[in-house]
Amino acid sequence: MAIELFNTLGGQVETLVPSDGAVLRMYACGPTVYDYGHIGNFRTFIHVDVLRRALKQQGVAVKHVMNVTDVDDKIIQRAAAAGVGIGVFSARFENAFFEDMEALGVERPEFLPRATENIPEMVSLIERLAARQAAYQAEDGSWYFRIASDPGYGKLSQKDFDGIEDGARVDVDEYEKDAARDFALWKAVKTGADGVREHAWETALGAGRPGWHIECSAMATKYLGDNFDLHAGGEDLMFPHHENEIAQSEGASGKPFARHWMHVRFLLVEGKKMSKSEGNFYTLRDLLLKGHRASAIRFLLMSVPYRHQLNFTFDGLTESTNAVDRLRTFHRRLKEGQWPEGLSNGMTGSDADVAAAIATARQKYDAALSNDLNTAEARAAIFDMVRAVNVAADQGTLVKRDVQAALAVMERFDGVFAVLVDNDAEITRQALEWAEREGRMGEASPELVATLSLTDEAIEALIAERTQAKKTRNFARADAVRNELLAKGILLEDSKDGVRWKRK
RNA sequence: GCACCGAUGGCGAAGUGGCUAACGCGCUGGUCUGCAAAACCAGUAUUCAUGGGUUCAAAUCCCAUUCGGUGCUCCA
């Protein structure tokens, strides 16, 4: 089953298949590493991850490139303010970014080129544009793309540029551009107000640094060729960033750039646009310090399909925590339980309803993801199966063959959702260590600190004490221990195989 | 201001012309348990922002209004 994906270019749902019949070549706009990533950033990266995992699961090999923008205005400014070079400054946030991505279970793309390591490729691209009269140098030495050279300009964002007044919002008097909408390919070096010369590269184009869009064109083409399968990013990048990438890439190569464009919608936080001024702006680390689990954050961010607006709320985070717990509990129940080969009541086969429910779940799960990555329907299919199999298990009609089938569906589900393996405590512990180093422990929730201060051994010692108390029917003491643990965020579960515990 | 997208139960959310409007969480009652937890069962929207229209049939199509979001400017 192939994946049907909405293509911004053309506005239609199309089958996404490798054009070379072998490997799907995709490029996703990556982070500009000037600060810690926020949940909006990660929603986009997680949905691109859903796509790549779903493709691989359906047998499509993937070559995925994601850039790291390690030079731009903000980086230059903030590095200067911090009194360090841009390399030192950006490396710090690049490392943090990849730690966060790993915490959220996002797979690493095959290639992660940095902008600053691909300057010659960008220069050569601009030179090719200049040779075709699609780029020109202005008086101050900066290079611009000539939009008039591209009759197809605007095809991605479907903009009617006749209706937009030049100068209404566009900075017309920025140097000597031929036309207001022409955008910078190469920015000539400037000297700041403090008299210090900004970071610059000496190149055939003159001393300067790359414009915003050129790096993506240069790196996408370098790794994937002039024409490739898919280009993805947040919805805000559609214009002008992606439009300009198309213009400059196609202007240089004379060939179509990416065939398929995927744009992930912005999220809302507590019903409003996320912004620092609204006080609803959260980085992943903010949430981890508040005691939210990485798995719940991933699950919430991916539960709403990428083309729909997600309302990220703290209630939603609780919901996701509980939902992930339910899936993990179910998964463990299947793996650890003892299941009969067949039914004892004369039937040798499995319970037909359960087997059918499992098969249906698998089929619906695949169909949902194939249908423009409908993660909401995919998870619904899994929960339907969870209920059906739990009922059978409770009724004693669940046999080994069905357990194995159900486990296979869970593994398939987790191949994309990636929430069943519990690394949450470890991730949170790392976040706390980071907060300690950064002097931000004040932001950590007290319950979280209490929970993680208890070692597994200490917890198990208390549980042993409770078990002993229960044996002597000293329930008051047993409950006291349980409540003490609960106060520190440890939940106990008695079962016939002993006591299980987990961190809340 | 112009353009585009959206509004579904207490919350999140799927469904885009025709079965009783998925699924998750929450809540209420029950089973189980020393009590819990986990799991299961039952209940929880006669109705899909509001008003009009098209149709045998609308949450789904059309128009208007209200509210939210995005782009036009750095932004995932």
Side-chain angles (χ1 to χ4, degrees), chain A residues 11 28-32 34-35 37-48 72-74 157-161 163-166 168-171 181 212 232-241 243 263-268 270-275 296 299-301 303-330 332-333 364 368 371 374-395 470 473-476 478-479 482-483 486 491-496 499-502:
Chain A
C29 288
T32 302
Y34 64 90
D35 208 340
H38 61 249
I39 52 177
N41 299 121
F42 292 120
R43 159 134 138 126
T44 298
F45 297 123
I46 284 174
H47 278 285
V48 172
D72 89 319
D73 290 348
K74 278 200 190 95
S157 49
Q158 295 291 319
K159 288 204 175 300
D160 176 10
F161 289 103
I164 299 173
E165 289 242 336
D166 277 354
R169 292 290 188 114
V170 179
D171 188 7
R181 303 204 78 85
W212 174 30
E235 65 171 325
D236 58 308
L237 297 182
M238 195 166 95
F239 184 89
H241 183 55
E243 198 71 71
H263 291 100
V264 180
R265 273 203 87 170
F266 270 23
L267 51 69
L268 301 181
E270 300 291 343
K272 292 193 168 156
K273 176 183 179 162
M274 180 171 73
S275 73
F299 199 65
L300 177 56
L301 289 174
S303 286
V304 176
Y306 76 98
R307 283 211 290 147
H308 290 248
Q309 197 163 49
L310 156 73
N311 185 10
F312 189 98
T313 64
F314 287 98
D315 284 350
L317 223 32
T318 304
E319 187 243 89
S320 295
T321 305
N322 294 340
V324 168
D325 262 346
R326 179 152 185 231
L327 294 170
R328 286 178 178 171
T329 302
F330 172 74
R332 191 176 58 193
R333 180 181 197 185
K364 281 191 172 171
N371 178 21
N374 193 331
T375 46
E377 282 201 332
R379 66 168 258 192
I382 296 305
F383 279 107
D384 282 337
M385 181 187 84
V386 168
R387 192 176 346 95
V389 174
N390 267 327
V391 168
D394 278 8
Q395 292 174 345
K470 276 176 66 179
R473 300 193 67 79
N474 183 356
F475 294 123
D479 291 352
R482 187 169 65 198
N483 288 334
L486 183 63
L491 289 177
L492 299 192
E493 250 178 64
D494 293 341
S495 80
K496 59 179 188 294
V499 184
R500 288 203 190 90
W501 63 272
K502 62 186 177 191

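Below, chains carry the letters A, B, ... as their sequence lines are ordered, and counting in each starts from 1.
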Query - Distance, C1' atom - from rA39(B) to rU20(B), rounded to whole angstrom - result: 27 Å

Result for 5'-nearest mapping on RNA chain B, choosing between Phe383(A) and Thr44(A), is Phe383(A)

Exercise for review: Could you work out the separation of rA7(B) and rG51(B) based on their C1' atoms and round it to a whole Å?
Suggested key: 15 Å

(message) Tell me whether the side-chain N/O atoms of Asn322(A) come closer than 4.0 Å to OP1 or OP2 in rG26(B).
(response) yes

Report which part of the nucleic acid Pro31(A) touches: base, sugar-phosphate, or nothing (heavy-atom distance under 4.0 Å, all strands).
-> nothing

- Query: Quick one: is Arg326(A) getting a side-chain N or O under 4.0 Å of the rC40(B) phosphate, OP1 or OP2?
  - Reply: yes

Sorted by position of nearest nucleotide on RNA chain B, 5' first, the leading residue of Ala478(A) and Asp384(A) is Asp384(A)

_Categorize Asp325(A) for me: base, sugar-phosphate, or nothing, with a 4.0 angstrom heavy-atom threshold over every strand shown._
nothing

Answer for the Watson-Crick or wobble partner of rC61(B), both distances under 3.5 Å, is rG53(B)

Answer for the Watson-Crick or wobble partner of rG17(B), both distances under 3.5 Å, is none

So Arg387(A), base contact, sugar-phosphate only, or nothing? Heavy-atom distance under 4.0 Å. sugar-phosphate

**Request:** Would you indicate, yes or no, if rA22(B) has its OP1 or OP2 atom less than 4.0 angstrom from a side-chain nitrogen or oxygen of Arg379(A)?
**Result:** no

Checklist entry - Can a side chain N or O of Asn374(A) be found less than 4.0 Å away from OP1 or OP2 on rG15(B)? => result yes

message = Between Phe42(A) and Leu301(A), is the side chain to side chain contact (heavy atoms under 4.5 Å, CB included) condition met? List the steps.
response = CA-CA 8 Å; Phe42(A) 292 120; Leu301(A) 289 174; 4.2 Å; yes

Checking rA76(B), rG71(B), rG24(B) against the side chain of Ala323(A) (C-beta onward), the nearest is rG24(B)

Here the distance between atom C1' of rA76(B) and atom CD of Gln309(A), to the nearest Å, is 14 Å

Worksheet item: Using 30° and 60° as the class limits, which term best fits the ring planes of Tyr306(A) and His47(A): parallel, tilted or perpendicular?
Response: tilted

Taken to the nearest whole Å, CZ/Phe330(A) to C1'/rC23(B) is 15 Å

Asp315(A) atom CG is separated from rC27(B) atom P, nearest whole Å, by 12 Å

Does Glu377(A) offer a backbone N or O that forms a donor-acceptor pair with the side chain of Asn374(A) under 3.5 Å? yes

Can you tell me if His308(A) touches the phosphate of rA14(B), counting only side-chain N or O atoms and a distance under 4.0 Å to OP1 or OP2?
yes

With a 4.0 Å cut-off on heavy atoms, is Leu300(A) in touch with a base, just the backbone sugar-phosphate, or nothing at all?
nothing

In short, Ala323(A) meets Phe299(A) closest at the heavy-atom pair CB-CE2, 3.9 Å

Side-chain atoms of Pro240(A) come closest, of rC35(B), rC72(B), rA76(B), to rC72(B)

Discussion item. Can you see if the side chain of Asn390(A) gets near the phosphate of rA39(B) - specifically, an N or O under 4.0 Å from OP1 or OP2?
Written reply: no

Between CD of Glu493(A) and P of rA37(B) the distance, given in whole Å, is 10 Å

Note: Phe330(A) and Met385(A) closest approach over all heavy atoms is CE2-CE, 4.1 Å

Whole-Å distance, Gln395(A) CD to rC32(B) C1', equals 14 Å

As its Watson-Crick or G-U partner within any shown strand, both distances under 3.5 Å, rG1(B) has rC72(B)

Between CZ of Phe312(A) and P of rG12(B) the distance, given in whole Å, is 14 Å

For this session: Looking at every strand, decide which applies to Gly40(A) at a 4.0 Å heavy-atom threshold: base, sugar-phosphate, or nothing.
Result: base

Quiz prompt | Span that lies between the C1' atom of rA22(B) and that of rA76(B), in whole angstrom | solution = 30 Å

Ranking rG68(B), rA76(B), rC40(B) by distance to the side chain of Val391(A), first place goes to rC40(B)

Check: Would you say rU70(B) has OP1 or OP2 under 4.0 Å from some side-chain N or O of Lys273(A)?
Finding: yes

Residues Met274(A) and Gly40(A): closest non-hydrogen pair is CE-N, 3.8 Å

When both distances are under 3.5 Å in a Watson-Crick or G-U wobble arrangement, the nucleotide paired with rC40(B) is rG30(B)

Of the candidates rC40(B), rC23(B), rG69(B), the side chain of Ala380(A) sits closest to rC23(B)

Side-chain contact check for Arg482(A): nearest option of rC40(B), rC5(B), rG34(B) is rG34(B)

Report task. Using a 4.0 Å heavy-atom cut-off across all strands, classify Asn311(A) as base, sugar-phosphate, or nothing. Result -> sugar-phosphate

* How would you label the contact of Arg500(A) with the nucleic acid (heavy atoms, under 4.0 Å): base, sugar-phosphate, or nothing? -> nothing

Output yes when a side-chain donor or acceptor of Asn483(A) lies under 3.5 Å from a complementary backbone atom of Asp479(A), and no otherwise. yes

Practice problem: Answer with base, sugar-phosphate or nothing: what part of the nucleic acid does Leu268(A) contact at a heavy-atom distance below 4.0 Å? | Solution: sugar-phosphate

Answer for the Watson-Crick or wobble partner of rG10(B), both distances under 3.5 Å, is rC25(B)

Taken to the nearest whole Å, NZ/Lys364(A) to C1'/rG15(B) is 12 Å

**Study point:** Test item: side-chain donor near acceptor, Thr313(A) and Glu270(A), under 3.5 Å
**Key:** no

request  = Pick the C1' atom in rA13(B) and in rA45(B), then give their distance to the nearest Å.
outcome  = 14 Å

### Query
Under the 5.5 Å and 30° test, is Phe266(A) stacked on the base of rA76(B)?
yes

Glu319(A) atom CD is separated from rG24(B) atom C1', nearest whole Å, by 5 Å

Counting any heavy atom closer than 4.0 Å, what does Val264(A) reach on the DNA or RNA strands: base, sugar-phosphate only, or nothing? nothing

Interatomic distance, CZ@Arg43(A) vs NE2@His38(A), rounded to 0.5 Å, equals 11.5 Å

